[in-house]
S.K.: 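Sharing a structure, written as structure tokens. Questions coming.
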Amino acid sequence: SLPTSQNPHLTTFAHTQPTTLPMTTNQTIQAMQTIVLPLFNTVNQVENSDNSDVHMLLLRLALVTVIAALGIRQLEPFLKHLQVYQVARAQFLRPFTVATDGVIWPRYTNQLGNNLFQYAYARLRARYLGLKFSAGPLNQDVFHQDVAKLSKHSDPQAVENSNPFAKAVPFEALDTYADYSKIHTSPEKSPPEPSQLLRKKNAFLATTPNAFAQKYQYYKDDADLIRTWMCPSLDLHVKEVAKAIALGVSRDDTLVIHLRFAGAVEGWFADPTYHELPLRFYTDVVTRHGKCARAILVHDPKSKESALDIASALEAKFPGIEIIKQCASRCEDFMVMYKAKHLALSVSTFAWWAGFLGVKSKSTVFYPRHAKVAWWNPRRLKTWYNHLMPEDAVFVPVEYTTAPTRSGEAAVVKEQMDHLDQLAAVN
């Protein structure tokens, strides 16, 4: 494969540190603590309050202005860990770059689930244009400190020869290079392309995605091809697959539910467009399943308390249901979702790939679809997951909303608690 050094757009830990900083590190950290962080805290407090739409818009504009005033370059080593910055930056970028030698590279940002979309889009573009594709290393410096250390290795060849997907289990066997120029000849010598292929090609090349490239319309014509590219390494993770099967995820009375609590796991680093699903979503999917005797809750180790709350709510709503909490390695958790017969997704690209890639083993994938939001309402930013819903028949939309039904966040919490009290009283 091509050496990493040929792609000037790759963001590695070694290159994000500027050689000289107008502000010292201590000054930068102090600026983050005294100006930026309070703004983020205010944003979180205002989000569900009265007149939140106007307040949120003004606060976000203020936040962007402050960051720009402090200087993006000085803050880059810190901002790259802040997903709100990554999200804002991604709106002005494409999910790929083209090197001077014509090789197409993905432009990675944020975490693994996002990187897989960037990989898929860049590779499709290379295929349709008849160019070479090189995957490069994932954006692992953001969430893998050992890779960050590797990028500082005294021997550059050690970095270049390392597997760019080594820490991306269960996707460590993805192709790192593909040459599509060999199947294309000059236009004068090429036979006319079939009309269907030409239509697909023109439709894809006409798309103008941001750096996340997260709309299903980009991939629907090539869904089966992408599934072959992105197939997880089952042969390298036999133990994890066996554990998932032993857990009974293929049983018809079992529903695997992915829980994502970005606030609990990432705090103020979290992407503001991600959000926790309301309690009613989980009770709705269990009800719609129709014969759910077992619910397996897949969650992050840092969100055990939040997962326990969901478990308690489901037990109150559905007496006799067996709740199993699944919290292990990323690979094992993925295999539980990948092999599940009935799966309920969260607003998560990682869970999305488990549902999309494992579609052959599934009877139902309950897909969270946010209710419609007016174009001028900042809450519309939270509807992005709607555009990713696959068109396979097994995907069943379950509508929800993040809009509070009463004034203020406290009222929303109180309403949910009242709902639980009513259920407990009935039972």
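Small disclaimer: the values here were computed from a predicted structure and weren't measured.
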S.K.: Please list, chain by chain and in numerical order, all residues satisfying ring pair (Phe, Tyr, Trp, His ring centres under 6.0 Å) with Tyr385, sequence neighbours excluded.
M.R.: Tyr367
S.K.: Would you please name every residue forming a salt bridge (Lys or Arg N to Asp or Glu O under 4.0 Å) with Lys341, sequence neighbours left out?
M.R.: Asp252
S.K.: Using side-chain heavy atoms (C-beta onward) and a distance below 4.5 Å, is Thr364 in contact with Val394?
M.R.: no
S.K.: Is there a side chain to side chain contact (heavy atoms under 4.5 Å, CB included) between Val396 and Val365 once you walk through the steps?
M.R.: CA-CA 6 Å; Val396 178; Val365 179; over 6 Å; no
S.K.: What's the verdict on side chain to side chain contact (heavy atoms under 4.5 Å, CB included) for Arg127 and Asp222, showing C-alpha distance, side-chain angles and the deciding distance?
M.R.: CA-CA 11 Å; Arg127 179 175 177 270; Asp222 299 286; 3.8 Å; yes
S.K.: Tell me whether Ser303 contacts the main-chain N or O of Ser306 through its side chain, where contact means a donor paired with an acceptor under 3.5 Å.
M.R.: no
S.K.: Do you see a donor-acceptor pair shorter than 3.5 Å between the side chains of Tyr119 and Asn114?
M.R.: no
S.K.: To the nearest 0.5 Å, tell me how far Ile104 CD1 sits from Thr97 OG1.
M.R.: 8.5 Å
S.K.: Enumerate the side-chain hydrogen bond (donor to acceptor under 3.5 Å, both in side chains) contacts for residues 388-400, please, sequence neighbours excluded, ordered by first and then second residue.
M.R.: Arg227-Asp392, His275-Tyr400
S.K.: Provide the closest heavy-atom pair for Gln118 versus Pro106 in the form atom of the first, atom of the second, distance.
M.R.: O-CB, 3.7 Å
S.K.: Per the side-chain hydrogen bond (donor to acceptor under 3.5 Å, both in side chains) rule, what does the pair list look like for residues 346-363, sequence neighbours excluded?
M.R.: His258-Ser346
S.K.: Could you check whether any side-chain heavy atom of Arg294 comes within less than 4.5 Å of a side-chain heavy atom of Ile324, counting everything from C-beta outward?
M.R.: yes
S.K.: Report the residue from Lys243, Glu332, His299 that forms a side chain to side chain donor-acceptor pair (under 3.5 Å) with Gln326.
M.R.: Glu332
S.K.: Return the set of residues passing ring pair (Phe, Tyr, Trp, His ring centres under 6.0 Å) with His289 (not counting sequence neighbours), or none when no residue passes.
M.R.: His342
S.K.: Which distance, rounded to the nearest 0.5 Å, do you find between the CD of Glu276 and the OG1 of Thr402?
M.R.: 11.5 Å
S.K.: Should Phe171 and Leu116 count as side-chain neighbours, where that means a heavy-atom distance under 4.5 Å?
M.R.: yes
S.K.: Can Asp300 and Arg260 be said to form a salt bridge (Lys or Arg N to Asp or Glu O under 4.0 Å), step by step?
M.R.: CA-CA 7 Å; Asp300 186 274; Arg260 188 181 193 277; over 6 Å; no
S.K.: So, using salt bridge (Lys or Arg N to Asp or Glu O under 4.0 Å) as the criterion, who are the partners of Arg251 when residues are at least two apart?
M.R.: Asp253
S.K.: Ile296 and side-chain contact (heavy atoms from CB on, under 4.5 Å): which single residue from Leu255, Leu343, Leu247 fits?
M.R.: Leu247
S.K.: Starting at CZ of Arg94, measure out to OG1 of Thr207 and round the result to the nearest 0.5 Å.
M.R.: 8.5 Å
S.K.: Give me the ring orientation class for Trp384 and Tyr274: parallel if the planes are under 30° apart, tilted from 30 to 60°, perpendicular past 60°.
M.R.: perpendicular
S.K.: Going from SG on Cys327 to CG on Asp333, what distance comes out if it is rounded to the nearest 0.5 angstrom?
M.R.: 6.5 Å
S.K.: Measure the shortest side-chain to side-chain distance between Leu388 and Phe356 over non-hydrogen atoms and say whether it is less than 4.5 angstrom.
M.R.: no
S.K.: For Pro397 versus Phe395, what's the shortest heavy-atom pair and its separation?
M.R.: CD-O, 3.8 Å
S.K.: Search all heavy atoms of Phe261 against all heavy atoms of Ala307 and return the closest pair with its distance.
M.R.: CE1-N, 4.0 Å
S.K.: Do any N or O atoms from the side chain of Asn115 and from the backbone of Gln111 form a donor-acceptor pair under 3.5 angstrom?
M.R.: yes
S.K.: Considering non-hydrogen atoms only, spot the tightest contact between Ile226 and Ala120 and give its length.
M.R.: CG2-CB, 4.4 Å
S.K.: Could you grab the distance from atom CG of Asp309 to atom CG of Leu279, nearest 0.5 Å is fine?
M.R.: 9.5 Å
S.K.: Is any side-chain heavy atom of Phe366 closer than 4.5 Å to a side-chain heavy atom of Arg288?
M.R.: yes
S.K.: Taking only residues two or more places apart in sequence or in another chain, which ones pass salt bridge (Lys or Arg N to Asp or Glu O under 4.0 Å) with Arg123?
M.R.: Asp175
S.K.: With sequence neighbours left out, write down each residue that passes side-chain contact (heavy atoms from CB on, under 4.5 Å) with Ser233, or none if nothing qualifies.
M.R.: Glu172, Ala173, Asp235, Leu236, His237
S.K.: Quick check: does any side chain N or O of Arg330 sit under 3.5 Å from a backbone N or O of Val169, one acting as donor and the other as acceptor?
M.R.: yes
S.K.: Please identify each residue that fulfils ring pair (Phe, Tyr, Trp, His ring centres under 6.0 Å) with Phe96, with sequence neighbours left out.
M.R.: none
S.K.: For the backbone of His370 and the side chain of Asn386, can you confirm whether one donor and one acceptor N or O come within less than 3.5 Å of each other?
M.R.: yes
S.K.: Once salt bridge (Lys or Arg N to Asp or Glu O under 4.0 Å) is applied, do any residues pair with Asp284, and if so which ones, sequence neighbours excluded?
M.R.: none
S.K.: Looking at residues at least two apart in the chain, or sitting in another chain, which of them share a side chain to side chain donor-acceptor pair (under 3.5 Å) with Tyr282?
M.R.: none
S.K.: Tell me, with the steps shown, if Phe133 and Tyr177 meet side chain to side chain contact (heavy atoms under 4.5 Å, CB included).
M.R.: CA-CA 6 Å; Phe133 166 80; Tyr177 181 74; over 6 Å; no
S.K.: Just list the side-chain donor-acceptor pairs under 3.5 Å for residues 209-219, sequence neighbours left out, or say none.
M.R.:
| residue | atom | partner | partner atom | Å |
| --- | --- | --- | --- | --- |
| Asn210 | OD1 | Phe212 | N | 2.9 |
| Asn210 | OD1 | Ala213 | N | 3.3 |
| Asn210 | ND2 | Gln91 | OE1 | 3.0 |
| Tyr219 | OH | Phe117 | O | 3.4 |
| Tyr219 | OH | Ala213 | O | 2.6 |

S.K.: Say whether, by atom type as modelled, one donor and one acceptor occur between the side chain of Arg369 and the main chain of Val398 under 3.5 angstrom.
M.R.: no
S.K.: Do Leu345 and Pro368 have side-chain heavy atoms sitting under 4.5 Å apart?
M.R.: yes
S.K.: Which value, rounded to the nearest 0.5 Å, describes the distance between Asp224 atom CG and Trp229 atom CH2?
M.R.: 12.0 Å
S.K.: Determine the minimum heavy-atom distance between Ala344 and Val285, stating which atoms define it.
M.R.: CB-CG2, 4.3 Å
S.K.: Is there a side chain to side chain contact (heavy atoms under 4.5 Å, CB included) between Leu314 and Ile257 once you walk through the steps?
M.R.: CA-CA 12 Å; Leu314 292 179; Ile257 303 175; 4.3 Å; yes
S.K.: Kindly give the heavy-atom pair with the smallest separation between Thr283 and Phe318, and that separation in Å.
M.R.: O-CZ, 3.5 Å
S.K.: Can you tell if the side chain of Val298 reaches within under 4.5 Å of the side chain of Val256, non-hydrogen atoms only?
M.R.: yes
